[in-house]
There are 2 protein chains.
Amino acid sequence: MLTKKELKDYCDKARENFLPHISIDCVVFGFHEGLLKVLLLKVKNEGEWYLPGGFMLKAEPIEKAADRILKERTGLDKIFLQQFQVFGDPERSKEHFEMYKDMLPAKENWFTNRFLTIGYYALVDFCDVTPAPDQFSATCAWRDLNDLPELKLDHALILKTALDTLRLQLNYQPIGYNLMPKEFTMPELQKLYETILDKKLDRRNFQRRMLGFGILNRSEKPRKGGAHKAPYLYSFDLENYQAALTEGFKGGW
Amino acid sequence: MLTKKELKDYCDKARENFLPHISIDCVVFGFHEGLLKVLLLKVKNEGEWYLPGGFMLKAEPIEKAADRILKERTGLDKIFLQQFQVFGDPERSKEHFEMYKDMLPAKENWFTNRFLTIGYYALVDFCDVTPAPDQFSATCAWRDLNDLPELKLDHALILKTALDTLRLQLNYQPIGYNLMPKEFTMPELQKLYETILDKKLDRRNFQRRMLGFGILNRSEKPRKGGAHKAPYLYSFDLENYQAALTEGFKGGW
DNA sequence: ATTGATAGTGTATAATTGACACAAGAGTAA
DNA sequence: TTACTCTTGTGTCAATTATACACTATCAAT
């Protein structure tokens with residue numbers, strides 16, 4: 001919770017710099033130890049969490065704003081970002097109204113406005129991220145997708161929609177470049193797919209299909225050190241990967 | 001072109017009723033005589049056309065706003081609407097700035113603001129639509145997708161994106177219920193698909209696949225009157241159609 | 001060397017897709 | 001009436017793709 005002065009300062013600056021009524025919320029997916037993770041922020045002195053988000057500068061392209069917001073939370077540049085939906089229920093920010101309504105008259109209070117929020121989802125390499133809390137949060141941390149805390153506002157809906165979209169995308173586009181480290185083994189990649197889809201896949205068929213897409217390069221040397229047979233290392237063929245991203249995998253018609 | 005007074009009135013009302021900086025633009029697809037059509041408006045005394053669009057009331061859900069806007073242009077209720085992208089380049093409304101900048105000081109002028117526009121596409125039965133121009137247009141009419149006029153602002157981009165999205169959707173969802181009349185023949189439905197995809201399809205394989213989806217009911221009586229073999233009439237099985245819409249056709253994984 | 005766990009590869013079968021040909025019905029013109 | 005033409009309905013074969021499943025190889029620990 002902010003002090004009254006902090007709130008007023010924030011609101012004054014926001015009104016001056018940001019487009020009113022519009023916000024951006026990002027669902028940042030990461031993958032670690034076989035689990036799909038989401039980057040969340042925890043409200044100061046409260047139990048609830050929320051998605052990293054922010055506002056758009058008055059002359060800033062949407063995509064740039066999303067980049068900027070995520071750079072602040074993750075330290076990362078050039079994140080894979082996908083706009084997936086605008087959430088605009090007039091009631092969606094009611095909680096904000098309640099929260100701050102006594103501290104500042106509605107006219108001056110940035111948060112009593114209605115906000116449409118543009119939903120982005122991001123895929124990032126878990127290990128590259130340095131989570132950083134924002135002004136309203138005590139914590140910024142990865143949370144397990146299977147063990148989510150209570151989320152503020154409509155952020156649970158936004159998260160679910162992002163996940164649905166990601167799963168759909170899996171059917172006609174490659175995924176993984178942004179979620180895996182540079183080099184990885186086929187079983188590791190399979191685990192990613194299984195985690196996203198929440199479903200077991202056949203090892204052999206997965207490999208055949210994946211290789212069939214022609215977006216993987218196999219490195220000469222297998223990974224050593226494990227207690228078992230050394231798996232081959234793969235990396236994505238960026239050129240083909242990019243092409244598959246824009247053209248999609250299977251025509252359908 | 002509006003008179004100065006008309007413009008001022010419009011702007012005053014807009015500021016009072018609408019959310020600033022946000023607009024909605026709709027790409028309305030129709031199908032007629034084997035051609036895919038788009039509903040467009042023509043600016044008064046000018047050659048350029050633009051997409052039906054409008055603004056959002058301060059307490060109105062986005063979807064409702066899109067419905068309202070389309071109701072005004074087409075006379076139709078309960079249109080199939082799909083939000084597909086927000087267009088928010090800061091430069092995208094430059095034309096507006098130019099157009100009205102001399103008529104009204106920027107502070108009072110609704111149109112000199114930056115607008116993010118939420119893109120919707122709609123699929124409608126061509127025959128049901130009664131095109132009605134808006135305040136800024138002389139004409140509202142169906143235009144052939146293969147013979148598009150110059151479009152204002154970034155509306156050409158919006159239209160293209162809508163079409164790409166529609167084509168993609170064709171691969172994992174049923175389409176047609178909103179574009180075809182109640183009853184139709186298989187060749188007619190095929191023509192719709194061919195038109196959207198801009199590609200010839202095999203008659204027999206199309207039929208097999210289409211029937212395989214299980215979303216069609218075949219009527220007892222074939223259509224009479226043609227100079228050739230009477231084709232069967234089909235209609236959509238609404239229940240299965242709806243299910244296919246939400247679940248999609250093919251899993252992929 | 002033996003064992004246990006994991007990785008790599010192959011193959012038989014079923015299902016789906018794609019290409020194609022023929023039969024049937026409805027009007028038309030001799 | 002009959003032959004003709006155009007369009008629609010349906011079947012079938014081959015090729016491709018998906019699915020299920022089993023065996024072999026390799027590394028580390030004992």
Side-chain angles (χ1 to χ4, degrees), chain A residues 33-34 167 170-174 176 180-181 183-195 197 199-235 244 247-253, chain B residues 33-34 170-174 176 180-181 183-195 197-235 244 247-253:
Chain A
E33 291 177 347
R167 282 180 177 151
L170 220 53
N171 289 330
Y172 54 88
Q173 277 192 341
M180 302 295 285
E183 296 204 301
F184 49 89
T185 68
M186 193 60 81
E188 283 165 1
L189 184 61
Q190 182 179 340
K191 194 84 182 75
L192 170 65
Y193 271 72
E194 290 182 338
T195 306
L197 295 166
K199 174 205 281 197
K200 279 259 159 241
L201 301 173
D202 183 276
R203 219 156 49 83
R204 298 149 277 200
N205 297 334
F206 177 82
Q207 165 141 333
R208 178 157 26 139
R209 189 155 167 190
M210 212 62 210
L211 291 176
F213 294 150
I215 56 171
L216 292 177
N217 292 321
R218 181 152 98 177
S219 138
E220 290 305 310
K221 296 160 218 276
R223 164 178 301 172
K224 292 283 180 133
H228 312 290
K229 171 163 181 179
Y232 287 104
L233 285 172
Y234 291 88
S235 58
E247 289 163 35
F249 276 148
K250 39 168 78 188
W253 290 97
Chain B
E33 292 178 346
L170 221 53
N171 289 330
Y172 55 89
Q173 278 192 341
M180 302 294 286
E183 297 203 300
F184 50 89
T185 68
M186 195 59 81
E188 283 164 2
L189 184 60
Q190 182 180 340
K191 194 86 183 71
L192 170 64
Y193 271 71
E194 291 182 337
T195 306
L197 295 167
D198 196 23
K199 174 205 279 197
K200 279 261 157 237
L201 301 172
D202 182 275
R203 216 158 50 81
R204 297 149 278 197
N205 296 335
F206 177 82
Q207 165 140 336
R208 183 176 39 189
R209 189 154 169 190
M210 212 63 208
L211 291 176
F213 294 149
I215 55 171
L216 292 177
N217 292 321
R218 181 151 99 178
S219 139
E220 291 304 310
K221 294 160 221 274
R223 163 178 300 171
K224 292 284 180 132
H228 313 290
K229 170 164 182 178
Y232 286 105
L233 285 172
Y234 292 88
S235 58
E247 290 164 33
F249 277 148
K250 41 167 75 187
W253 290 97

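Not measured: the values here are computed from a predicted model. Chain A is the first sequence line, chain B the second, and so forth, proteins listed ahead of strands; every chain is numbered from 1.
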Whole-Å gap separating P (C:dA7) and NZ (A:Lys191): 12 Å
By side chain to side chain donor-acceptor pair (under 3.5 Å) - contacts of A:Arg208 (at least two apart): A:Asn205
Interatomic distance where NZ belongs to A:Lys200 and P belongs to D:dT19 [whole Å]: 17 Å
Distance in angstrom units between A:Phe184 CZ and C:dA7 P, rounded: 15 Å
Protein-to-nucleotide contact annotation, 5' to 3' order, nucleotides 6-13 of chain D [B base; S sugar-phosphate only; - none; under 4.0 Å, heavy atom]: BBBBBBB-
Pairing residues for A:Tyr193 by the ring pair (Phe, Tyr, Trp, His ring centres under 6.0 Å) criterion, not counting sequence neighbours: A:Phe206, B:Trp253
Value rounded to 0.5 Å, distance of CD in A:Glu188 from CG in A:Leu233: 8.0 Å
Degree of bending in the helix from C:dA1-D:dT30 to C:dA30-D:dT1 once both end axes are built from five pairs, to 10°: 20°
Length of the line joining A:Arg209:CZ and D:dT16:C1', which is rounded to integer Å: 14 Å
Side chain B:Gln190, main chain B:Gln207, donor-acceptor under 3.5 Å: no
Minimal non-hydrogen separation, B:Thr185 against B:Pro231, with atom names: CG2-CG, 3.6 Å
Length of the CZ-P vector between A:Phe206 and C:dT9, whole Å: 15 Å
Could you go over nucleotides 13-15 of chain C and give all protein N or O partners under 3.5 Å, atom names and distances?
none

Gap between atoms CG and P, on A:Leu189 and C:dA7 respectively (whole Å): 13 Å
Side chain to side chain, A:Met186 and A:Tyr234, heavy atoms closer than 4.5 Å: yes
Pairing residues for B:Arg204 by the salt bridge (Lys or Arg N to Asp or Glu O under 4.0 Å) criterion, not counting sequence neighbours: B:Asp202
Nearest atoms (heavy-atom pairs only) where B:Gly34 meets B:Thr195: O-OG1, 3.4 Å
Residue pair A:Ser219 / A:Glu183: nearest heavy atoms and the distance that separates them: CB-OE2, 3.8 Å
Closest approach of A:Leu192 to A:Gly176 (non-hydrogen atoms, all atoms of both residues): CD2-CA, 3.8 Å
Atom pair CZ/CZ of A:Phe213 and A:Arg209 - distance to nearest 0.5 Å: 5.0 Å
